[in-house]
Amino acid sequence: MSTPYDHKAVEAKWQDRWEKTRAAEVDLRHAGDSHSQDKYYMLMMFPYPSGDRLHVGHGRNYILGDALYRYLRMNGKRALNPMGWDAFGLPAENAAIQRGIHPNDWTLANIKVMKEQFRRWGILFDWSKEIASCFPDYYRWNQWLFLHMLEKGIAYKKMAPVNWCPSCQTVLANEQVVDGACERCGTPVIQRDLEQWFFRITGYADRLLEGLDGLEGWPEKVKVMQRNWIGRSEGGEVDFRLPAMEETLTVFTTRPDTIHGATFLVLAPEHPFAARLIAGHPDRAGIEAWIETVRNTPRIQRSAEENPKEGRDTGAVAINPATGEEIPVWLANYVLPEYGTGAIMAVPAHDARDLAFARQEGLPVRLVYHPEGEAIDPASLAEPILHEGVIRNAPPFDGLADGAETIGKFIDWMAARGFGRRKVVYRLRDWLISRQRYWGTPIPVVYCETDGMVPLPDDQLPVELPYDVEFTGREGNPLSRSKSFVETRCPKCGGPARRETDTMDTFVDSSWYYLRYLSPRDATRMFDPEIANRWMPVDQYIGGIEHAILHLLYARFICKVLHDFGMVGIEEPFQNLFNQGMITRFSDKSGRVEKMSKSRGNTVSPDELIDEMGADTERVYTLFIGPPEKEAEWSDEAVSGAYRFLSRVWRLQERLPEAPPTAPSDVELERDRHATIQRVTQSFERFSFNTAVASLMELSNSLARALEEKTASRLCCEEAFYTLVQLLHPLAPHITEELWERRGYTESLLDTSWPRYDEAKLHRDRISLVVQVDGKLRDRVEVDATAGETEVRAIVLASPKVREHLAGREVAKAVLVPGRLMNLVTRKTA
RNA sequence: GCGAAAGUGGCGGAAUUGGUAUACGCGCUAGACUUAGGAUCUAGUCCCGAGAGAUCGGGUUGGGGGUUCGAGUCCCCUCUUUCGCACCA
């Protein structure tokens with residue numbers, strides 16, 4: 001009569017049924033029915049690059065998302081949970097080079113495998129909205145977007161020093177350089193001067209910054225990272241005359257108020273003036289060689305704190321416009337070419353770096369701010385004076401204290417004399433979007449001998465990637481060797497032209513895909529603005545922290561661009577963001593606990609785990625492992641705890657008939673049932689899935705005890721059991737659907753409504769009250785829940801244990817916390 | 001160096017507002033059943049001391065101090081770890 005828990009059969013059955021009934025499919029046109037606005041909810045998980053096999057570490061994102069999705073459905077929300085493929089990118093192309101498989105075939109094969117893995121996890125994606133960035137009907141809109149950004153001047157091409165990864169053989173955006181190395185392969189990045197395509201994200205810097213303030217549903221951490229990345233600084237620009245060159249050199253400073261202390265200028269060795277400044281220098285060749293060395297120093301080393309400051313005196317002088325003095329002009333490696341104007345006014349008295357450099361090179365130091373009362377000899381100044389003191393020796397400003405107001409006065413003063421102005425500078429650079437690789441969106445422009453660079457008209461889109469291309473791994477983009485692709489006609493004059501062979505960064509693909517989910521098959525436009533305005537923004541976005549300043553910044557930027565094009569009403573695409581923590585595991589390779597990844601060889605395959613213990617087990621364990629926002633270490637042993645729990649739940653159903661028709665303690669089991677509904681619901685609301693699992697285990701234990709001791713009636717046990725099944729459904733969908741069906745219910749648990757708890761049922765008539773004497777636990781007493789202070793006090797004082805501890809003392813005060821405890825504060829009997 | 005988060009049993013962790021610290025699970029110990037299996041079930045399991053025993057006493061949330069009848073939770077100091085930023089003018 002008893003059937004063992006056969007997870008394989010159960011899971012296969014329900015996965016099949018969900019697929020057939022298209023359980024997650026949402027009709028987008030019906031969204032926003034007049035009376036049910038709040039029923040519509042868009043849930044989204046980070047797109048996954050289709051290059052890597054999924055392991056249990058990846059599962060956390062999707063399992064979490066699916067649990068939330070099912071919870072929303074049971075709470076009556078028409079939730080949309082789409083999934084797509086971030087299909088372009090290097091892994092596919094590398095596979096082509098290494099294994100001779102075409103990137104397209106390799107990608108499609110991977111998508112198939114990954115889709116099967118999602119199915120085996122029991123994740124309900126709405127596959128009718130499926131998109132893949134490598135399909136021309138998707139990437140043609142990247143091209144369309146590019147052309148419109150080009151028209152508006154937001155996309156442009158320029159020669160610039162750029163990050164080059166020698167291993168990936170392509171340029172990288174600043175955001176893809178982590179600690180001076182390629183984000184993907186870890187190779188140190190070098191600088192090259194190349195002509196590249198950029199998106200003018202810097203034009204949106206302020207809006208990207210301001211938008212963060214309204215994102216209350218985002219983790220503070222991510223917002224801080226984005227603020228740092230944008231790196232807004234307010235200050236001023238100051239012009240210094242270079243008499244010998246008959247030029248004006250502009251520097252940026254956040255401290256224009258220290259200009260009287262500027263005793264020399266420092267330019268980045270890469271500064272455009274450098275060559276002319278040293279033109280007449282006796283050691284010109286030596287300095288040029290040094291500039292070359294600095295230029296070739298990897299960025300990690302150059303910007304490391306311990307990297308020694310190195311500089312060269314150009315021999316030229318500049319005029320300090322505030323003092324009229326001649327000051328020397330230097331080149332030094334500690335000034336970065338890409339920040340500000342690539343040149344600084346050095347104020348050694350009030351800047352640590354300038355002071356260090358001045359001491360090293362024997363350059364003069366002059367104080368602007370003086371600490372009160374004491375006279376300081378500039379020659380002996382050991383530390384810069386940063387935010388203290390008052391101004392002396394700067395005639396119109398003497399006596400002013402450090403502060404924003406003083407800075408403002410200086411800027412006005414400079415502006416009136418024409419050598420300075422207010423200026424805001426950002427750390428953020430424009431987004432370099434061109435890549436010298438095949439497997440990406442072709443940039444839709446051609447180069448014509450007579451017309452130069454010509455953007456293609458919209459009706460010539462998409463520019464499709466040619467399939468017939470050779471992947472040799474040789475230097476250079478395989479696309480540029482495809483004659484049929486490169487050779488074309490100019491749309492303007494009809495003459496011969498060459499196609500652009502650079503392709504787009506894959507982050508372009510993912511920066512607007514959330515909108516395409518809402519119009520996945522629209523052949524006439526990027527997306528339907530009407531549908532977009534009804535569904536956007538995404539209510540809940542779930543993914544790892546690794547995209548804090550990549551994808552999440554780019555997507556916000558493109559959303560604002562589309563907003564400015566009048567295509568979508570919102571400016572911020574993601575209302576709530578949840579970052580789940582990484583799964584780690586011990587790695588034999590390194591002997592340490594590390595992020596689970598293929599390269600570290602510490603992955604756990606979901607396939608074997610699912611075969612052995614089932615997807616429900618993996619899901620419950622993954623959610624039980626710890627708070628989802630924190631990192632968690634995978635334990636192979638602990639997984640079996642989740643399996644045992646599910647097996648016990650299975651057996652409970654078979655034991656239900658053992659319960660007697662009537663029994664004494666129904667109230668208690670019923671109270672546990674309501675308390676569990678309350679706790680699990682609250683846990684779900686704050687994404688605390690680990691405590692939800694714990695509460696469900698407790699209810700299961702209570703029910704098992706009631707059955708064992710025959711203390712609850714059959715009806716009451718069944719109620720408790722089926723509440724347990726419902727509450728467990730988002731976490732372990734297969735087993736719960738099966739148990740529900742075996743009970744005789746025909747509707748899917750997804751269509752049942754989430755259990756409600758009754759506050760009155762949580763109430764007890766008699767409660768156990770903790771008794772403390774001087775804050776120490778001494779006894780517990782049973783009292784009526786309604787008992788008043790005097791009544792409780794009498795019962796408490798009657799306790800023998802309490803009386804023992806009161807020997808020789810008297811009660812000075814009794815504190816009653818209703819429903820919880822009474823604390824007796826004593827003093828020695830007089 | 002700056003900023004943020006966090007330190008609780010052998011381990012993962014719980015304790016939403018200051019009110020029984022260690023829920024739930026892993027592991028471990030003992031026992032039951034057994035076609036002796038890494039299955040299942042039952043009981044025990046923060047530390048120290050006393051007791052044959054049910055029990056009793058004391059201590060414990062990185063360390064030190066404070067507020068309070070009462071502190072894992074609030075405040076101050078300090079140590080450690082993790083993350084982010086870092087020659088950004």
Side-chain angles (χ1 to χ4, degrees), chain A residues 4 219-222 224-229 231-233 235 251-256 258 262 266 268 302-309 332-336 338-347 350-354 356-357 425-428 545 548-549 581 620-621 624-627 629-645 647-648 651 679 682-683 685-686 688 690-701 704 708 768-780 801 804 811-826:
Chain A
E220 203 51 42
K221 186 180 171 169
V222 174
V224 168
M225 282 169 77
Q226 292 211 355
R227 281 190 195 105
N228 285 340
W229 188 259
R232 184 181 201 273
S233 320
V251 304
F252 171 74
T253 177
T254 52
R255 296 296 303 272
T258 62
V266 187
R302 170 129 173 223
S303 57
E305 204 175 352
E306 57 284 357
N307 193 40
K309 289 181 175 49
N333 63 349
Y334 76 96
V335 175
L336 306 172
E338 66 272 7
Y339 187 77
T341 62
I344 62 157
M345 62 177 210
V347 185
H350 304 298
D351 182 281
R353 296 152 302 180
D354 296 342
F357 191 68
V425 155
Y426 301 90
R427 209 184 76 114
L428 182 71
I545 189 78
I549 47 173
V620 169
Y621 176 66
F624 188 54
I625 192 168
E629 69 281 5
K630 277 179 63 183
E631 202 171 90
E633 189 185 340
W634 186 269
S635 156
D636 296 301
E637 292 177 320
V639 184
S640 58
Y643 184 77
R644 281 200 278 265
F645 167 57
S647 305
R648 277 199 297 272
R651 270 196 308 277
R679 276 153 62 201
Q682 285 169 355
S683 293
E685 291 295 329
R686 44 187 188 112
S688 178
N690 54 327
T691 54
V693 175
S695 303
L696 291 169
M697 287 172 167
E698 283 183 78
L699 180 60
S700 143
N701 291 344
E708 184 66 32
S768 165
L769 196 77
V770 163
V771 186
Q772 295 180 340
V773 177
D774 293 321
K776 285 193 176 151
L777 175 74
R778 293 303 178 195
D779 199 10
R780 272 164 249 257
K801 283 185 190 166
E804 218 173 283
V811 176
K813 190 176 163 189
V815 182
L816 175 70
V817 182
R820 289 198 180 267
L821 60 77
M822 174 167 267
N823 187 15
L824 303 176
V825 186
T826 69

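Per chain, numbering begins at 1; letters A, B, ... match sequence-line order. We use all heavy atoms of the structure for the numbers below, so side chains are in, but hydrogens, waters and symmetry mates are not.
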Taking the [atom1] atom of each, how far is [N] from [M], in whole Å?
| N | M | atom1 | answer |
| --- | --- | --- | --- |
| B:rG58 | B:rG44 | C1' | 22 Å |
| B:rC76 | B:rA6 | P | 15 Å |
| B:rG84 | B:rC74 | P | 26 Å |
| B:rG9 | B:rG62 | P | 8 Å |
| B:rG25 | B:rG49 | C1' | 31 Å |
| B:rG7 | B:rC75 | P | 14 Å |
| B:rG31 | B:rG38 | P | 16 Å |
| B:rC26 | B:rU45 | C1' | 13 Å |

Under 3.5 Å donor-acceptor, A:Y621 side chain and A:W634 backbone
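The answer is no, because no donor-acceptor pair under 3.5 Å joins these two groups.
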Under the 3.5 angstrom rule, does the side chain of A:S695 hit a backbone N or O of A:T691 as a donor-acceptor pair?
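A pair under 3.5 Å: yes.
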Rounded to the nearest Å, what distance is computed from the [atom1] atom of residue [X] to the [atom2] atom of nucleotide [N]?
| X | N | atom1 | atom2 | value |
| --- | --- | --- | --- | --- |
| A:K221 | B:rA6 | NZ | P | 12 Å |
| A:Q226 | B:rA4 | CD | P | 19 Å |
| A:R232 | B:rA89 | CZ | C1' | 17 Å |
| A:F357 | B:rA89 | CZ | C1' | 14 Å |
| A:E637 | B:rG10 | CD | P | 17 Å |
| A:E708 | B:rC41 | CD | P | 12 Å |
| A:E633 | B:rU81 | CD | C1' | 15 Å |
| A:E631 | B:rU81 | CD | P | 16 Å |

Going 5' to 3' through nucleotides 55-61 of chain B and flagging B where a protein heavy-atom sits under 4.0 Å of the base, S where only the sugar-phosphate is that close, and - otherwise, we get -SSSS--
Taking the side chain of [X] as its heavy atoms from C-beta onward, which of [options] lies nearest to it?
| X | options | answer |
| --- | --- | --- |
| A:S640 | B:rG19, B:rC26, B:rC24 | B:rC26 |
| A:R427 | B:rA23, B:rA86, B:rA14 | B:rA86 |
| A:L821 | B:rU20, B:rG13, B:rG84 | B:rU20 |
| A:R644 | B:rA23, B:rU20, B:rC26 | B:rC26 |
| A:A638 | B:rC85, B:rC26, B:rU20 | B:rC26 |
| A:A694 | B:rA23, B:rC69, B:rG25 | B:rA23 |
| A:P627 | B:rG19, B:rA14, B:rC26 | B:rA14 |
| A:N333 | B:rC87, B:rG27, B:rA86 | B:rC87 |
| A:Y334 | B:rC87, B:rC24, B:rU20 | B:rC87 |

Between the side chains of A:E804 and A:R778, is the shortest nitrogen-to-carboxylate-oxygen separation below 4.0 Å, so that they form an ion pair?
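A salt bridge is absent here (no side-chain N lies under 4.0 Å from a carboxylate O).
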Is any NZ, NE, NH1 or NH2 atom of the basic residue among A:E629 and A:R686 found under 4.0 Å from an Asp or Glu carboxylate oxygen of the other?
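A:R686 and A:E629: not salt-bridged.
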Mind checking who [N] pairs with, Watson-Crick or G-U wobble, both distances under 3.5 Å?
| N | value |
| --- | --- |
| B:rG3 | B:rC83 |
| B:rG37 | none |
| B:rA89 | none |
| B:rA23 | none |
| B:rG70 | none |
| B:rU29 | B:rA43 |

Quick one: is the NZ or CZ of A:K309 closer than 6.0 Å to the six-membered ring centre of A:Y334, and within 45° of its axis?
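So A:K309 does make the cation-pi contact.
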Need to verify one output field. Residue with the more 5' nearest nucleotide on RNA chain B, A:E338 or A:V693?
A:V693
With nearest nucleotides of RNA chain B determined for A:T254 and A:R648 from heavy-atom distances, which residue corresponds to the more 5′ nucleotide?
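Residue closer to the 5' terminus by nearest nucleotide: A:R648.
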Which is true for [X] with a 4.0 Å heavy-atom rule: it touches a base, it touches only sugar-phosphate, or it touches nothing?
| X | answer |
| --- | --- |
| A:N690 | sugar-phosphate |
| A:V825 | sugar-phosphate |
| A:V224 | nothing |
| A:I625 | sugar-phosphate |
| A:R820 | sugar-phosphate |
| A:R651 | sugar-phosphate |
| A:S233 | sugar-phosphate |
| A:V335 | base |

Please determine if a side-chain N or O atom of A:R679 lies less than 4.0 Å away from the OP1 or OP2 oxygen of B:rA23.
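Answer is no, no contact under 4.0 Å.
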Determine: side-chain N/O of A:N701 to OP1/OP2 of B:rG25, distance under 4.0 Å, yes or no.
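It does, given that an N or O in the side chain of A:N701 lies less than 4.0 Å from OP1 or OP2 of B:rG25.
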Supply the atom-to-atom distance A:R644 CZ to A:R651 CZ, rounded to the nearest 0.5 angstrom.
11.0 Å
Reported CG-to-CH2 distance for the pair A:L428 and A:W229, which is rounded to 0.5 angstrom
8.0 Å
Is a donor-acceptor contact shorter than 3.5 angstrom present between the side chain of A:K813 and the base of B:rC69?
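No.
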When you measure only distances, ignoring hydrogens and angles, does the side chain of A:N823 come within 3.5 Å of the base of B:rC69 through a donor and an acceptor?
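Such a pair exists between side chain and base.
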Locate the shortest heavy-atom distance separating A:A642 from A:V620; write the atom from each residue and the value.
CB-CG1, 3.8 Å
Is the base of B:rG37 syn or anti, if syn means a glycosidic angle within 90° of 0?
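Base orientation relative to the sugar is anti.
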Just by distance, with hydrogens left out, do A:S233 and A:T254 show a side-chain donor and acceptor under 3.5 Å apart?
no
Please indicate whether A:R227 has more than 12 foreign heavy atoms, meaning atoms of other residues, nucleotides or ligands, lying under 6.0 Å from its CZ.
yes
